[in-house]
Amino acid sequence: MSEYYQLPKAYIPADTEAKWYAWWENNHLFHGKPNPDKPAYSIVIPPPNVTGILHLGHILNNTLQDILIRHHKMMGYEVSWFPGTDHAGIATESKVEKTLRQKGEPGRDELGREKFIEKVWEWRKQYGGTIIRQLRKLGTACDWERERFTMDEGLSHAVRKVFVELYNKGYIYRGQRMINWCPVSRTALSDEEVIYKEVDGKFYHIKYPLVDGSGFLEVATTRPETMFGDTAVAVHPTDERYKHLIGKMVKLPLTDREIPIIADEHADPEKGSGCVKITPAHDPNDFAVGQRHNLAMINIMNADASLNDKAGAEFAGMDRFAAREKVVAELDKLGLLTKIEPIRHAVGFSERGDVPIETLISRQWFCNMKELAKPAIAAVREGKIKFYPERWAKTYFHWMENIQDWCISRQIWWGHRIPAWYNDDTGEVYVGMEPPTAPGNWRQEEDVLDTWFSSWLWPFSVMGWPEKTEELKYFYPTADLVTGPDIIFFWVARMIMAGCEFMKEIPFRNVYFTSIIRDEIGRKLSKSLGNSPDPLDVIDEYGADALRFSIIYIAPVGMDIRYSNERCELGRNFANKLWNVCRFRQMQGGPTEYYKSLDGLDKSALTADEQWIIAKVNDVVGSVNTSLKEFRFHTAAHDIYDLVWSNVCDWFVEAEKVQFRAGGEAKERALAVVDYILFKVLRLLHPFMPFITEELAHAMGYVAEDASIMNAEYPQYNEADAEGEKIVADVDNKFAMVTAGRALRSGCNIGDNKKVKFYIRAVNEEKLAFLNSQADSLKTLLNASEVEISLADYDRSQGAAPSALSNLGTIYLPLAGLIDVEAEKVKLEKQRVDYEKWIKSSEAKLSNERFLAKAPEQVVADAKAHLAELKEKLARVNELIDSLS
RNA sequence: GGGCGUAUAGCUCAGUUGGUUAGAGCGCCACGUUGACAUCGUGGAGGUCACAGAUUCGAGUUCUGUUACGCCCACCA
């Protein structure tokens, strides 16, 4: 790594980023290990799907985690960020299947279980690391030596152990229940994997003839094709219209079956005809009715949701939607279809297949979550775990307090195979960590577990659980979790339950929910819309630091982000600004010894501007630390941005050019102060922009060749630096006066490059002394040929001059008669009216007895001071008006 | 049906416990390359803080209601 060297004119990120990332990684700077001398700080990454490729959601999420990690590392914590990937059962299985199909190779069914799984592992070896490699481009300080995969042997062991424990406790059981079935993936899903969408459907009214020929019952349904599974028609027990029919039979059209009319409160007399068809095998409500009345359950569907032979020869094998059309047509032919109404209703879709799911009865494995939820609810209720933004706790409580049994079995192959064995001869079921040793004809359960059944153990399984490792002892519980609110049920809630159950300890203390990223017109980013930029392209174009900074800067708290690539210009420009201010510093001379501390420097010699910037930087140091503690990343980014651009570059460095020109001691002192604040700024910014800050810290000689800014101390608010606060107001006022002076120039169409004379009349002796001390700085900032400062009024005999007020005094731009007196009068008159208006409202407030009585003392004092100020300024405006007439 | 969020400048958004004349970036207008930076500088225009009430000495900020948009949850045929 090169030491102090001359920076090129523009920052080129690509080389810098590659160089530093390799250097950090090769020097194991991301690795944390149990260290009794330091407090621990750990984060587990939300493991991206092994099939995943990096998208902007990952960028935001991982940048935030990286900020936390680097901040804490610089604060003196022993940090470890546990990275890894998720095996993502259904997603990966279908991905590999698709790949095989594209290559024309034998697919899943041809290969059979073992060979197919081998293929998946091969695929994973070849492509599965993509997202992990991509994350490195972003600069993430992941502890790569601890990378895990949810199907690693250790993690699989943890999964089996948890399954067996919960089975032995009676929480996990196998049973026939209503589940959600995805006809595309051909597997059961959990309730959370069903996405409800509003769709336009049709409401079919069908007549079921009474067997005795005395008439019809009309039922209404959105799913006429399920009628083959009907085993009753229900009416409300108190419904007078149908009371006499209860117990009678109706003929089920298109079949040769007769089904009973039953009385059940599920039938709502207000709705439709008040009669409802009961299909216990395909509807959760009907299932309940069926249980109450001991009705038969007829499953009429195959795994792909085509109808089976229970639907009769004519319909067997038909797709469910084709069957619907045919059923309706047949009923119409028979005169049994009375009407079709349009209806808008919510239909459950499977996330993966994007087709409507089927609810049907199936034998699956379930986990009863009721008891697991209790301590997890308490942990959040009692504040042991905090959510940011806090409101997500409501969502969490609502779900947890109504938690349902979790369907954990999946009819796929890629995943943790359920550690249950059946003995078909005896009917025995064995559940254990290892296959049964008892003699007999045992066959293992074919199903695998829901992917989340391994993810929920992630915070401790990555640390080696169930072994009692040093890592667990030191790094568990983790500190913070950063994730999207969309997986609060899937993952966050379940991790809390798993932590409480198996570790007897919460898995993390804070959960920060990120925003969702949308495109510039508010649409969700998606591949199919083509509005999802590839972050690697963005990094190529703007740089990783620019992307990181921009996305944090524009991320509103707790709301969706509107993103477009152009917005990365903000970060790129900021990086360039930082680069150039450092470059400017270098052009003034070699490094000083004061970049770490101003100790040894004669503080009494500091200029007002120097005291001012030291205090301003110190303020921001304080607020950034506070913001980060409260997960207000966006505020921190704004504070640093404003500090660097406005205070450091626009004001301080410009003002300090006076000192550089002066040379000698003044220059030496200025360089010391610049080094001091620049190194602070670089450290402050490092968690946000790791690459450029590392580069600059080395180039400027602030960090030794073999060291990293990652290990430098994060700046903290300090009292010594706050001493300059006294002078801050005066310097602020000086800068305000400069702005006013420049506006006078601009108002007279005098270019910034033309040197002109200014006259300043100070408001009093004290301000006069201050202004005199700032003469050189004023001259430079105003680009003036001369600045005359005095207590005396402006000498009108030199010709009228446009003027502006400031708290320190009145600034004039003498133009030797070039001034448009009338225009100046109009301007001043307007000011006079404004001041009078403000004074009036201020006086009204101060004469209000209730204000004086009830407002805090300080507010009243401020108001009085403000009124005095307004009056003083009004007096000056009046003088100016008089002087023009 | 229940819950949550959002509404501030042309656009995207700040505005932490209520307290001077409401801010930034982008865009727009004018001027400017005085050797850090045109990925820049200087100055400027632009807002009845969605609407209606209430509380208060004082409301962009608190409360209630309304409207619009968005999200989540819910078995309604």
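As the structure is a computational prediction, the values presented were derived from the model and not from experiment. Residue numbering restarts at 1 for every chain, and letters A, B, ... go by the order of the sequence lines.
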Checklist entry - Over how many whole Å does the gap from A:Glu869 atom CD to B:U20 atom P extend? => result 13 Å
Item to check | Short N-O contact, A:Glu569 and A:Arg567, less than 4.0 angstrom | outcome: no
Checklist entry - How about A:Tyr196 and A:Phe349: are their ring centroids closer than 6.0 Å? => result no
Next on the checklist: Under a 4.0 Å threshold between the charged nitrogen and the carboxylate oxygen, would A:Glu843 count as salt-bridged to A:Lys871?
Outcome noted: yes
Next on the checklist: Mind checking if A:Asp752 touches a base, just sugar-phosphate, or nothing, with heavy atoms under 4.0 Å?
Outcome noted: base
Next on the checklist: Under 4.0 Å, heavy atoms only, any strand: does A:Cys275 hit a base, just the sugar-phosphate, or nothing?
Outcome noted: nothing
Next on the checklist: In whole Å, I'd like the distance from the CD1 atom of A:Ile278 to the C1' atom of B:C75.
Outcome noted: 12 Å
Next on the checklist: Let's test this: given Watson-Crick or G-U wobble pairing with both distances under 3.5 Å, identify the partner of B:U21.
Outcome noted: none
Item to check | Distance test, side-chain N/O of A:Lys657 to OP1/OP2 of B:U34, below 4.0 Å | outcome: no
Item to check | Whole angstrom value for the distance that separates P of B:G35 from CD of A:Glu654 | outcome: 12 Å
Checklist entry - When all nucleic acid strands are considered with a 4.0 Å heavy-atom cut-off, which category describes A:Ala288: base, sugar-phosphate, or nothing? => result nothing
Checklist entry - With a non-hydrogen cut-off below 4.0 angstrom, is A:Thr635 in contact with a base, only sugar-phosphate, or nothing? => result nothing
Checklist entry - In the structure shown, which nucleotide is the Watson-Crick or G-U wobble counterpart of B:C71, with both distances under 3.5 Å? => result B:G3
Item to check | side-chain hydrogen bond (donor to acceptor under 3.5 Å, both in side chains) assessment of A:Thr780 paired with A:Arg661 | outcome: CA-CA 11 Å; A:Thr780 297; A:Arg661 275 200 300 267; 2.9 Å; yes
Item to check | B:A77 - base-pair partner by Watson-Crick or wobble geometry, distances under 3.5 Å | outcome: none
Checklist outcome for this item: Ranking A:Ala743 and A:Tyr11 by the position along RNA chain B of their nearest nucleotide, the one closer to 5' is A:Tyr11
Checklist entry - Looking at RNA chain B, which of residues 387-399 of chain A put a heavy atom within less than 4.0 Å of it? => result A:Arg391, A:Lys394, A:His398
Next on the checklist: Please determine whether a side-chain nitrogen or oxygen atom of A:Lys845 lies at a distance below 4.0 Å from atom OP1 or OP2 of B:G58.
Outcome noted: no
Next on the checklist: Assess whether a salt bridge exists between A:Asp560 and A:Lys524, defined as any Lys/Arg side-chain N lying under 4.0 Å from an Asp/Glu carboxylate O.
Outcome noted: no
Checklist entry - If we take the C1' atom in both B:U55 and B:C13, what is their distance in whole Å? => result 30 Å
Checklist entry - Do the two ring centres, one from A:Tyr396 and one from A:Trp392, sit under 6.0 Å apart? => result no
Next on the checklist: Is the distance between the ring centroids of A:Tyr208 and A:Phe216 under 6.0 Å?
Outcome noted: no
Checklist entry - What interatomic distance, in whole Å, is found between C1' of B:U17 and the corresponding atom of B:U62? => result 11 Å
Checklist entry - Does A:Asn285 make a side-chain donor-acceptor contact with the base of B:C75, cut-off 3.5 Å? => result yes
Item to check | Distance, rounded to the nearest Å, where A:Tyr553 contributes OH and B:A14 contributes C1' | outcome: 9 Å
Next on the checklist: Any base atoms under 4.0 Å from A:Asp650, or only sugar-phosphate, or nothing? Heavy atoms, all strands.
Outcome noted: sugar-phosphate
Item to check | Value in whole Å for how far the C1' atom of B:G58 lies from CG of A:Leu846 | outcome: 12 Å
Next on the checklist: Expressed as a whole number of angstroms, how long is the span from A:Glu218:CD to B:A77:C1'?
Outcome noted: 12 Å
Checklist entry - For atom P, what is the distance between B:A9 and B:A77, given to the nearest Å? => result 42 Å
Checklist entry - Quick one: which of B:C40, B:U16, B:G32 gets closest to the side chain of A:Arg632? => result B:U16
Checklist entry - Of all the nucleotides listed (B:A36, B:C13, B:G43), which has the minimum atom distance to the side chain of A:Arg562? => result B:C13
Checklist entry - Looking only at side-chain N and O atoms, does A:Asn753 come under 4.0 Å of OP1 or OP2 in B:U33? => result yes
Checklist entry - In Watson-Crick or G-U wobble terms, both distances under 3.5 Å, what is the partner of B:A45? => result none
Checklist entry - Does B:U39 pair with anything, Watson-Crick or G-U wobble, both distances under 3.5 Å, and if so, with which nucleotide? => result none
Item to check | Of the listed nucleotides B:C40, B:U39, B:C57, the one nearest the side chain of A:Ala10 | outcome: B:U39
Next on the checklist: Check this for me: does any side-chain nitrogen of one of A:Glu198 and A:Arg344 sit under 4.0 Å from a carboxylate oxygen of the other?
Outcome noted: yes
Item to check | Span that lies between the P atom of B:C28 and that of B:G65, in whole angstrom | outcome: 44 Å
Next on the checklist: I'd like the C1' distance from B:G25 over to B:U67, given in whole Å.
Outcome noted: 30 Å
Checklist entry - Taking the P atom of each, how far is B:C63 from B:C26, in whole Å? => result 35 Å
Next on the checklist: Does A:Leu870 reach a base, just sugar-phosphate, or nothing at all? Heavy atoms under 4.0 Å.
Outcome noted: base
Checklist entry - Among B:U21, B:C13, B:C37, which nucleotide sits nearest the side chain of A:His634? => result B:C13
Item to check | A:Asn573 side chain near B:C40 phosphate (N/O to OP1/OP2, under 4.0 Å) | outcome: yes
Item to check | Sorted by number, the residues of residues 849-865 of chain A with heavy-atom contact under 4.0 Å to RNA chain B | outcome: A:Arg850, A:Phe851, A:Lys854, A:Ala855, A:Pro856, A:Val859
Checklist entry - Atom CH2 of A:Trp651 and atom P of B:C37: how far apart are they, to the nearest Å? => result 20 Å
Checklist entry - Which of these nucleotides, B:A77, B:G70, B:A36, is closest to any side-chain atom of A:Phe584? => result B:A36
Checklist entry - Who does B:U61 pair with, Watson-Crick or G-U, both distances under 3.5 Å? => result none
Checklist entry - For B:U66, what is the paired nucleotide under Watson-Crick or G-U wobble rules, both distances under 3.5 Å? => result B:A50
Checklist entry - In terms of the angle between their ring planes, are A:Tyr512 and A:Phe631 parallel, tilted or perpendicular, with boundaries placed at 30° and 60°? => result parallel
Item to check | For atom CZ of A:Phe574 and atom C1' of B:C26, their distance in whole Å | outcome: 17 Å
Checklist entry - In terms of side-chain geometry, is the basic nitrogen of A:Asp519 or A:Arg562 positioned less than 4.0 Å from the acidic oxygen of its partner? => result no
Checklist entry - Centroid-to-centroid, A:Tyr553 to A:Phe688, below 6.0 Å? => result no
Item to check | P spacing across the pair B:U48 / B:G1, given as an integer number of angstrom | outcome: 36 Å
Next on the checklist: Can you check the distance between B:A14 and B:G41, where both ends of the measurement are the C1' atom (answer in whole Å)?
Outcome noted: 25 Å
Checklist entry - Would A:Phe513 and A:Phe387 count as a close aromatic pair, with their ring centres under 6.0 Å? => result yes
Checklist outcome for this item: Between A:Ile554 and A:Cys582, the residue closer to the 5' end of RNA chain B by nearest nucleotide is A:Ile554
Checklist entry - Is A:Lys873 close enough and on-axis enough to A:Tyr835, meaning under 6.0 Å and within 45°, for cation-pi? => result no
Item to check | Heavy atoms from other residues, nucleotides or ligands near CD of A:Glu265 exceed 12 (cutoff 6.0 Å) | outcome: no
Next on the checklist: Let's see if you can work this out: which of B:C37, B:A77, B:C73 has an atom nearest to the side-chain heavy atoms of A:Lys577?
Outcome noted: B:C37
Next on the checklist: Applying a 4.0 Å non-hydrogen cut-off, can you work out what A:Lys837 is touching in the nucleic acid: base, sugar-phosphate, or nothing?
Outcome noted: nothing
